[in-house]
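Model, not experiment: these values are computed from the prediction.
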Amino acid sequence: MMGLKPLLWVLFVIYSACFSSGFTPRDLYLLNCGSSSDTNVNNRTFVSDKSASKHLSTSQDILASTTSNSITSFSNLPLYQTARIFTGPSSYKFSISQDGRIWIRLYFFPFVYENYNMNSANFSVGTQKNALLGNFTPPKNATMKEFSVNVTSGDLVLTFAPSNNSFAYINALEVVSAPDNLIMDDASSINPPGGFTGLVTQAVETVARVNMGGPLVSYENDTLWRTWVPDADFLMARNVATNKSLTEAVVYPPGGTTEDIAPKSVYGTCTKMDSANNPHSNFNVSWEFNVDPGFQYMVRLHFCDIVGDSSNQIVFNVYIDSWNVVPDNEPSSRAFDGSVATAFFLDFVTPLASRNKLRVSVGPSPRSAYPDAFLNGLEIMKLNNSMGSLADVAYVPTFDKGSKKNVGMIVGLSIGIPLALLLVACVFFMHRRRKEERLGHSKTWIPISINGGTSHTMGSKYSNGTTISTVSNLSYRIPFAAVSEATNNFDESWVIGIGGFGKVYKGILNDGTKVAVKRGNPRSQQGLAEFRTEIEMLSQFRHRHLVSLIGYCDEKNEMILIYEYMENGTLKSHLYGSDLPSVSWKQRLEICIGAARGLHYLHTGSTKAIIHRDVKSANILLDENFLAKVADFGLSKTGPEIDQTHVSTAVKGSFGYLDPEYFRRQQLTEKSDVYSYGVVLFEVLCARPVIDPTLPREMVNLAEWAMKWQKKGQLEQIIDANLVGKIRPDSLRKFGETAEKCLADFGVDRPSMGDVLWNLEYALQLQEAVVQNDPEENSTNVIGELSPQVNNFNHTDTTASAVEMSQVDDLSGVSMSRVFSQLVKSEGR
């Protein structure tokens with residue numbers, strides 16, 4: 001046994017020597033297309049496709065060239081200075097000596113040659129089984145598209161087929177064998193969780209290949225001629241991340257990860273949390289990438305612990321979108337022969353993408369002694385769909401034994417049939433839509449029926465008998481023509497705000513009522529689900545501290561919401577970022593109390609809590625009397641059942657306000673709203689953005705920065721300059737204690753909104769006058785002592801209907817200060 005360890009090292013050295021030189025491909029074809037001569041690029045010879053004409057089947061010989069200096073320095077290669085142009089379907093055919101995975105790299109750089117402006121070229125590219133590109137127009141800069149396909153037929157045929165009466169072109173291409181173990185057959189499925197098999201047969205396209213924390217790794221420094229780009233352009237918040245490099249420490253374990261998977265220059269660098277020696281740091285480092293909806297993606301994560309050591313073993317979580325795919329990841333547990341910096345990778349397959357962004361994050365785990373997290377490298381590969389396509393078209397069949405006519409017919413069928421079906425579908429839906437217009441039906445979604453009830457017809461001066469819910473007479477459709485008239489045809493000069501859903505216009509209805517009209521932007525990531533949620537939520541609830549819904553419009557594929565007009569705009573605009581005059585401390589307290597009443601009503605006004613999920617100063621609106629009303633319920637979610645503690649759901653909210661516990665666990669409770677509200681309280685006090693990257697690092701995150709001063713008992717050092725000397729110390733102390741409790745790390749330690757409301761009323765009382773005969777006027781125990789009475793007051797009848805609850809709203813208008821004054825005195829208890 002004593003001799004085993006040296007033997008392992010001998011085997012490791014032999015293994016490393018065998019593989020250090022990289023993979024030697026069985027098949028290697030490098031073509032410089034459109035060139036009359038061979039070209040040497042970093043000791044690789046790209047032969048002229050004219051001299052290698054045995055691979056080419058085309059009816060034309062259009063060779064284009066340029067001496068343009070517009071090729072960027074990054075791609076300043078002779079490969080981009082020539083091109084072959086195809087005006088009809090044409091193919092390259094390559095003999096493959098052994099079945100297996102093949103790299104296909106296509107080089108494009110558009111330039112103008114005679115009558116051919118390559119900037120307008122439009123075409124498709126495919127193999128015998130897979131469409132690689134569909135209706136593709138290359139970008140204006142030099143680019144390389146990389147694919148990997150599984151070849152089983154002995155030949156690989158690449159077909160270029162012009163689309164839309166255009167032409168196709170290619171500057172250079174590579175067809176190269178790939179290692180069999182580069183993409184294994186299995187991976188982890190994210191949703192549903194479990195195993196995923198069948199990757200070997202998949203065609204894949206490289207979406208991203210990133211070197212975290214390091215420089216560009218160019219193709220000549222990679223054994224498989226890949227390029228790894230730096231991660232800076234993908235980082236969502238650079239100020240919370242830092243880099244580390246320790247390339248010499250990287251170890252590849254025998255029988256595991258090799259340099260063909262990723263070079264040492266990738267595993268030897270990383271981007272990590274910038275914890276700044278703060279043991280309480282609690283944030284994620286995130287990257288975001290563009291993807292095409294409707295496809296699955298393989299995400300490969302590369303790890304090598306160059307951050308910790310044998311005495312400091314780092315444990316952290318890894319997220320893909322909202323899923324915690326590697327909880328309590330401990331890279332040092334993969335250590336080979338005592339080396340912490342052992343390279344390994346993990347593969348995950350996503351569900352079908354529903355949006356055009358994919359996010360990867362790393363963040364601290366509660367198991368770790370010190371909060372830290374890192375990522376060394378990342379690859380994202382698009383997987384072909386059920387049609388074998390990596391584009392939104394069916395596969396493009398190959399050239400068949402020299403028959404040009406057959407090529408045209410097959411390519412025409414492969415592209416023409418789907419187009420014909422699409423045309424038929426369009427005609428069908430247009431006919432159906434016109435029929436619906438005549439019948440007055442909704443064009444985008446079915447009429448809303450609240451709480452599963454039956455919808456009925458209700459007439460109004462706007463609805464003309466359209467189908468609406470009977471729950472509230474404010475929830476009804478308004479014709480598009482009326483909305484357009486109210487906003488002066490959506491006059492841009494009437495825009496009063498822009499949010500995630502779209503623009504907000506000031507409007508005036510026929511009866512003179514001022515309204516705010518929120519018009520959905522089709523390109524917004526907020527869409528039908530948020531639109532419907534907003535209507536359903538505001539149809540159920542009426543409260544003087546919730547913005548009222550006047551109506552909605554879903555004609556002409558529009559999603560429009562019409563609210564009561566709030567004269568004084570958002571709370572945020574009265575704190576910073578505008579020329580509006582500052583509001584007094586008393587006004588700020590009253591605004592906070594009003595918003596707290598609205599949220600408390602949401603949490604307790606029915607049998608199940610309604611969780612807002614996007615509490616922030618921009619969603620607290622002020623009327624002409626500065627009465628606060630909570631707005632924007634598009635992300636709202638019904639709370640847990642009575643026998644449940646939380647709702648498991650994808651994380652949504654606004655950066656800087658988001659509850660970290662909800663973000664880590666995807667477990668939502670009303671205490672997530674409480675956390676966000678605590679951030680708002682500090683925002684009100686300090687009058688600055690919740691995230692400000694322009695500030696010094698320790699000040700970037702308002703919640704963290706304010707909490708440091710609060711815990712030091714020096715909150716007065718950071719308050720809004722307009723409030724200096726105008727806040728009673730006791731009122732400030734109570735306000736700070738309330739905000740601090742809201743920002744507790746764990747939801748169970750946070751107060752309810754009823755408790756928060758009570759303490760803010762107390763802070764207002766302390767500001768206006770010192771409470772007499774109260775032995776502990778500054779005590780934080782008020783929360784525990786008084787909250788049951790507040791809860792009883794607000795839970796008059798938790799089973800009341802929406803109409804009944806609107807009557808309870810009259811009680812909410814009573815000053816809580818008056819109620820408070822009866823409770824704090826002994827005779828009132």
Side-chain angles (χ1 to χ4, degrees), residues 236-237 239-240 278 280-284 363 499-500 570-577 583 588-589 591-600 602-603 611-621 628 630-632 635-636 651-664 668-693 695 697-711 715 718-720 723 732 734-747 749-753 755-757 759-760 763:
M236 298 190 66
N239 58 288
V240 301
N278 180 4
H280 303 292
S281 295
N282 187 12
F283 57 85
N284 286 359
T570 67
L571 168 60
K572 179 180 178 180
S573 66
H574 288 272
L575 297 174
Y576 55 87
V583 288
R588 296 188 198 196
L589 284 173
I591 290 168
C592 290
I593 288 167
R597 286 176 183 163
L599 290 172
H600 178 52
L602 282 179
H603 291 177
I611 305 169
H612 189 280
R613 278 210 298 182
D614 200 17
V615 177
K616 56 185 179 181
S617 61
N619 286 339
I620 298 173
L621 305 184
V630 179
D632 202 341
L635 299 183
S636 297
V651 175
K652 290 188 178 181
S654 295
F655 192 57
Y657 298 91
L658 196 61
D659 171 16
E661 184 179 44
Y662 169 39
F663 186 82
R664 289 194 305 268
L668 179 69
T669 71
E670 55 266 45
K671 296 299 183 69
S672 296
D673 279 354
V674 174
Y675 182 94
S676 302
Y677 187 77
V679 178
V680 171
L681 292 182
F682 278 134
E683 193 178 3
V684 165
L685 181 65
C686 302
R688 53 147 286 190
V690 294
I691 298 292
D692 190 346
L695 294 174
R697 183 174 58 192
E698 68 275 6
M699 297 174 62
V700 168
N701 186 299
L702 170 62
E704 294 178 2
W705 178 61
M707 284 288 282
K708 290 177 183 177
W709 287 96
Q710 166 63 19
K711 289 177 179 179
L715 198 57
I718 63 170
I719 66 175
D720 180 6
L723 300 177
L732 177 60
K734 174 55 64 179
F735 187 88
E737 290 168 355
T738 306
E740 180 181 7
K741 287 181 178 295
C742 290
L743 296 182
D745 290 337
F746 300 101
D749 298 325
R750 299 171 197 152
S752 69
M753 281 309 303
D755 300 334
V756 173
L757 173 58
N759 278 266
L760 291 175

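- Judged purely by atom type and a 3.5 angstrom limit, H612 has no side-chain atom pairing as donor or acceptor with the backbone of E670.
- D755 and S752 share a donor-acceptor pair across their side chains, judged by distance under 3.5 Å alone.
- Across all non-hydrogen atoms, the minimal contact from S676 to Y657 is OG-O, 2.7 Å.
- Looking at residues two or more places apart in sequence or on another chain, you find no side-chain hydrogen bond (donor to acceptor under 3.5 Å, both in side chains) involving S281.
- The line from CG of L599 to CD1 of I620 is 7.0 Å long, rounded to the nearest 0.5 Å.
- Heavy-atom minimum distance, L723 versus L685: CD1-O, 3.9 Å.
- A donor-acceptor pair under 3.5 Å links the side-chain atoms of N619 to the main chain of D614, judged by distance alone.
- Looking at residues two or more places apart in sequence or on another chain, you find a salt bridge (Lys or Arg N to Asp or Glu O under 4.0 Å) between E661 and R665.
- Judged by distance alone, the side chain of N759 and the main-chain N or O of F735 form no donor-acceptor pair under 3.5 Å.
- With rounding to the nearest 0.5 angstrom, the CG atom of L658 is 10.0 Å from the CZ atom of R613.
- When the side chain to side chain contact (heavy atoms under 4.5 Å, CB included) test is applied to K671, the partners found at least two apart in sequence or on another chain are T669, V674, R750.
- For the atom pair CD1 (I718) and CZ (F682), the distance works out to 7.0 Å, reported to the nearest 0.5 Å.
- For the atom pair N278 CG and E704 CD, the distance stands at 7.0 Å (nearest 0.5 Å).
- Side-chain contact check for V690 versus K616: every heavy-atom pair is 4.5 Å or farther apart.
- Within the 4.5 Å cutoff, the side chain of L681 has heavy atoms near those of the L760 side chain.
- With values rounded to the nearest 0.5 angstrom, N239 atom CG is found 13.0 Å from M699 atom CE.
- Shown here for P689 and L702, the closest heavy-atom pair between the two residues is O-CB, 3.8 Å.
- Contacts of D692 classified as side-chain hydrogen bond (donor to acceptor under 3.5 Å, both in side chains), with partners at least two apart in sequence or in another chain: T694.
- In terms of the side chain to side chain contact (heavy atoms under 4.5 Å, CB included) criterion, residue partners of A703 (sequence neighbours excluded) are, by chain and number, Y675, V679, N701, L743.
- The nearest pair of heavy atoms linking K572 to A618 is CB-N, 4.0 Å.
- V700 places a side-chain heavy atom less than 4.5 Å from the side chain of I691.
- Side-chain contact between I591 and V684 is absent, with no heavy-atom pair separated by less than 4.5 Å.
- The side chain to side chain contact (heavy atoms under 4.5 Å, CB included) check on E740 picks up M707, Q710, K711, with sequence neighbours excluded.
- Qualifying side chain to side chain contact (heavy atoms under 4.5 Å, CB included) partners for V583, counting only residues two or more places apart in sequence or in other chains: H574, Q587, R588, F626.
- Nearest approach of G678 to A739, heavy atoms of both residues: O-CB, 4.2 Å.
- A pairwise comparison of heavy atoms in P751 and V756 identifies CG-CG2, 3.7 Å as the closest pair.
- Applying the side-chain hydrogen bond (donor to acceptor under 3.5 Å, both in side chains) rule to S672 yields the partners D659; only residues at least two apart in sequence or on another chain are considered.
- Of the possible donor and acceptor atoms, one in the side chain of Y677 sits under 3.5 Å from a partner among the backbone N and O of C592.
- Legend: salt bridge (charged side-chain N to carboxylate O under 4.0 Å, His left out) pairs involving residues 677-686, not counting sequence neighbours: none detected.
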